[in-house]
Amino acid sequence: MRLAKSLVPTLREDPADAEALSHKLMLRAGLVRQLAAGIYVYLPIGLRVMEKIDAIIREEMNAIGGQEISMPVLQPADIWQKSGRWEGIPEMFKLQDRYGRDMVLGMTHEEVIAWLAAREIRSYRDLPQIWYQIQTKERDEARPRSGVLRTREFVMKDSYTLDPDLAALERSYAAHEGAYRRIFERCGLRFYVAQSDTGMMGGLGAHEFLAPCAAGEDEIAICAGCGYAANVEIARGVPAPPGFPPASREEVATPNARTIAEVSALLKVDPRLMLKSLLYVGRRTGPVLVLVRGDHALHERKLARALGGDEVRQHLGAPAGSVGPVGAHVPVLADEHLRGGVYVTGANREGFHLRGVTPGRDFEPRFVDLHTVAAGEACVECGKPLAVEKVIEVGNIFKLGTKYSDALGAMFLDEGGKEQPIIMGSYGIGPARIAAAAVEQCADADGIVWPASIAPFHVHIVVVSLRDAAQVAAAEEVYAGCRAAGLDALLDDRDERPGVKFKDADLLGMPVRVTVGNALAKEGVVEIKERRAPRAEHRVARDRVIDTIRGLEVFRASR
RNA sequence: CGGGGUGUGGCGCAGCCCGGUAGCGCACCUGCUUUGGGAGCAGGGGGCCGCCGGUUCAAAUCCGGCCACCCCGACCA
């Protein structure tokens, strides 16, 4: 591709609307433009990145026996009514056709898969199957954010497995895990595989593939000792117990002290020796008092799970500040690590707290894991300290079970001639998130540094002066040579000053830059640099360029 | 949905408090000079000041309503 006439609108300054590093750089490098909140146009360079990622995904999906299909974005309501997801998903875009029939813009494709399977799969001899697509999804996200990381319209690679029994599902699941590891490795990402929440829809187990980066919106607890890794939604950790000084049970006045910080300062008590009491109201379960240690944060997902998937809301009633579990006449849930300690907590009397309170003795709570894991807590598997990192979810794998096959009648006849529901799994990857995560993980102060495998071009050729016919001829020769050798090449043939071209080359981040400039006339050489190692430079004669590029280490790893 | 912020040529911003008919840098066009890390000089084009309404002789500026976008939180099959 030649830059002079191409749509590669690079920006000198950071756009005002962008906060995340990947968002800024993807806008500045001219990869994408935003049409509306969470809705993006992909420009030529951005599209090429997506295509490179898609190609890797296709290779690995095909390698485990995946068959690519394409399902409609526009879907009839009735399959969603059958599966029970027509109601209650605020992210779903709904519309009507001209005859008033209810339609859906697909946010995922389990229903269509189950519909298809119900028609085409009859016997255990037809199983297993892996069907996948790389298709647009539409979700009315509550809050699109961070550029391309969370959008309302996005492309997803989604695959679905159909199996006759749980053992076969395990094999399909494991095949996906392997394929996913290879995909993310080949895309040059650092990532973790973590156990994840199966969500409110049940399911038999799930893992997430998470790429650490500053713009990540999830957090993961990881153990360097044993490799334990789990989303903080479910991650468990063992906090170091504080030393409990002897304390007899007594009421103390705490006028005007309401928060943990205020009471702890007033009574000169470590926050770790206090109980944080939070009143929650469950839609089905009604009010519950929830206790975590003073320095801990409640994880509401854990609470909701403990209440059987109920929807919970924090109740900010008037007496907050002196609330406590002793004598409370609502059910009490306490974090499991509070058992046996001696704490300070609200006395249920305005302006007073209680010292010397022991959960399990002075009141009888249900002990469950409720607190959000913090860095430094001990790993539940091996006892080593846990680290907590921000991550972006780039993929997930999910053992679905028979929810959709039951609902849509996707059955098969087993060896004994008995009708059984097909057992499904579903598996997603967000290619745009791979691209953004790669930008986040690899960029430097000058711009993007693409992993070679997903770089829009392998080689960026800069002609320093268009007035020098020898330079132009040499650059054209390198350009043609790269293409003949199967290297994607971008030729900067713009009539711009050298500084502009160098800055743009850094910003765009192709793995290799070939500069054709004064050195050609003086020494008969062109310069070859790796973007990630700007100080190392190869100066080679024109006829050595292709071989030199091919020998670079950047391309070894990814081929 | 709650909290905070921002809307002024293509981009980044000033002007708004204190009302008088819009300015700076970059980009763009023309000419000359320049050509290895975002050039210089000269000339030039381009703005419903987010939208609607109100106050006023007069509104980018004051008041009311609405919309859009960004950030934090809730939410995230």
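Lettering of chains follows the sequences in order, A, B, ..., and the numbering in each one begins at 1.
- Ranked by how close their nearest RNA chain B nucleotide is to the 5' end, A:Asp506 and A:Ser426 are led by A:Asp506.
- Nucleotide B:G19: unpaired (no Watson-Crick or G-U wobble partner with both distances less than 3.5 Å).
- Under 4.0 Å is where a charged nitrogen must lie from a carboxylate oxygen, and between A:Glu217 and A:Arg145 at least one such pair does.
- Per the geometry, CZ belonging to A:Arg494 stands 13 Å off C1' belonging to B:G37, to the nearest Å.
- Comparing B:G20 with B:G65, their C1' atoms are spaced 27 Å from each other, to the whole Å.
- Rounded to whole Å, atom P of B:G36 lies 17 Å from atom CG of A:Asp504.
- Separation of the P atoms belonging to B:G38 and B:C52 is 44 Å when rounded to the nearest angstrom.
- Nucleotides B:A22 and B:C18 have their P atoms positioned 23 Å apart, rounded to a whole Å.
- The residue A:Ser146 sits close only to the backbone: its heavy atoms come under 4.0 Å of sugar-phosphate atoms, none of a base.
- In this structure, of B:C75, B:G36, B:A77, it is B:A77 that holds the atom nearest to the side chain of A:Arg85.
- In this structure, A:Arg531 contributes its side chain and A:Ile448 its backbone to a donor-acceptor pair below 3.5 Å.
- Dashed line: the shortest gap from a side-chain N or O of A:Gln471 to OP1 or OP2 of B:G36 is not under 4.0 Å.
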message = Set out, in order, the CA-CA distance, both residues' side-chain angles and the distance that settles side-chain contact (heavy atoms from CB on, under 4.5 Å) for A:Phe93 and A:Met103, then state yes or no.
response = CA-CA 9 Å; A:Phe93 279 110; A:Met103 310 290 286; over 6 Å; no
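- In this structure, CD of A:Glu141 is placed 14 Å from P of B:C72, rounded to the nearest angstrom.
- Cation-pi geometry between A:Lys94 and A:Trp80 is not satisfied (NZ or CZ under 6.0 Å from the ring centre, within 45° of the ring normal).
- The main-chain N or O of A:Leu27 is found under 3.5 Å from a side-chain atom of A:Arg33 such that the two form a donor-acceptor pair.
- Atom name P, nucleotides B:U34 and B:C41: the rounded distance is 16 Å, in whole Å.
- If you take atom P in B:G43 and the same atom in B:G36, they sit 28 Å apart, rounded to whole Å.
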Might you list the N or O atoms of the protein lying below 3.5 Å from N or O atoms in nucleotides 43-50 of chain B, with each pair's distance?
none

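- Judged by Watson-Crick or G-U wobble contacts below 3.5 Å, the nucleotide B:G7 has B:C67 as its partner.
- Whole-Å rounding puts the A:Leu35 CG to B:C69 C1' distance at 12 Å.
- Taking atom P in both B:U8 and B:G15, the straight-line distance is 14 Å, to the nearest Å.
- Salt-bridge check for A:Lys82 with A:Glu111: failed, with every basic side-chain N at 4.0 Å or more from each acidic carboxylate O.
- Residue contacts shown for A:Arg513 include a base, since a base heavy atom lies under 4.0 Å away.
- Under 4.0 Å is where a charged nitrogen must lie from a carboxylate oxygen, and between A:Glu91 and A:Lys137 no such pair does.
- Distance, A:Leu149 CG to B:C71 P: 10 Å, rounded to whole Å.
- Note on A:Arg33: nothing from the nucleic acid sits closer than 4.0 angstrom, heavy atoms only.
- Contact of the A:Val525 side chain with the A:Val540 side chain is not registered, since no non-hydrogen atoms from C-beta on lie closer than 4.5 Å.
- Both distances falling under 3.5 Å, in either a Watson-Crick or a G-U wobble arrangement, place B:C28 opposite B:G44.
- A:Ala519 comes within 4.0 angstrom of a nucleotide base, judged by non-hydrogen atoms across all strands.
- Electrostatic pairing of A:Asp444 and A:Arg532 does not count as a salt bridge here, judged by no charged N lying under 4.0 Å from a carboxylate O.
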task = Show the numbers, then the answer: is there a ring-ring contact (aromatic ring centres under 6.0 Å, His included) between A:Tyr160 and A:Tyr132?
result = CA-CA 6 Å; A:Tyr160 304 86; A:Tyr132 79 96; over 10 Å; no
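- In this structure, A:Glu138 contributes its side chain and A:Gly106 its backbone to no donor-acceptor pair below 3.5 Å.
- Separation of the P atoms belonging to B:A59 and B:C51 is 15 Å when rounded to the nearest angstrom.
- Between A:Asp218 atom CG and B:A74 atom P there is a gap of 11 Å when expressed in whole angstrom units.
- Using C1' as the reference atom, B:C16 and B:G50 are 16 Å apart when rounded to the nearest Å.
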Write down the protein N/O and nucleotide N/O pairs, taken from nucleotides 2-11 of chain B, whose separation is under 3.5 Å; answer none if there are no such pairs.
none

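- When each of A:Val463, A:Thr515, A:Val462 is checked for a side chain to side chain contact (heavy atoms under 4.5 Å, CB included) with A:Gln471, only A:Val463 meets the rule.
- You'll find that the side chain of A:Arg497 is closest to B:U34, out of B:A77, B:U34, B:C69.
- Under the Watson-Crick or G-U wobble criterion, with both distances below 3.5 Å, B:C62 is paired with B:G54.
- Judged by distance alone, with hydrogens and angles left aside, A:Glu527 brings a side-chain donor or acceptor within reach of the base of B:G36, the pair sitting under 3.5 Å.
- Of the two residues contacting RNA chain B, namely A:Met156 and A:Ala142, the nearest-nucleotide position lying further toward the 5' end is that of A:Ala142.
- Of all nucleotides listed (B:C26, B:C69, B:A77), B:C26 comes nearest to the side chain of A:Arg12.
- For A:Met107 and B:C75, the CE to P distance is 16 Å, given to the nearest whole Å.
- Look at B:G2: its Watson-Crick or wobble partner, with both distances under 3.5 angstrom, is B:C72.
- Computed from coordinates, the A:Phe398 CZ to B:A77 P distance equals 9 Å when rounded to whole Å.
- Side-chain proximity of A:Arg145 to the nucleotides B:C69, B:G36, B:C71 is greatest for B:C71.
- The partner of B:A39 is B:U33, by the rule that a Watson-Crick or G-U pair needs both atom distances under 3.5 Å.
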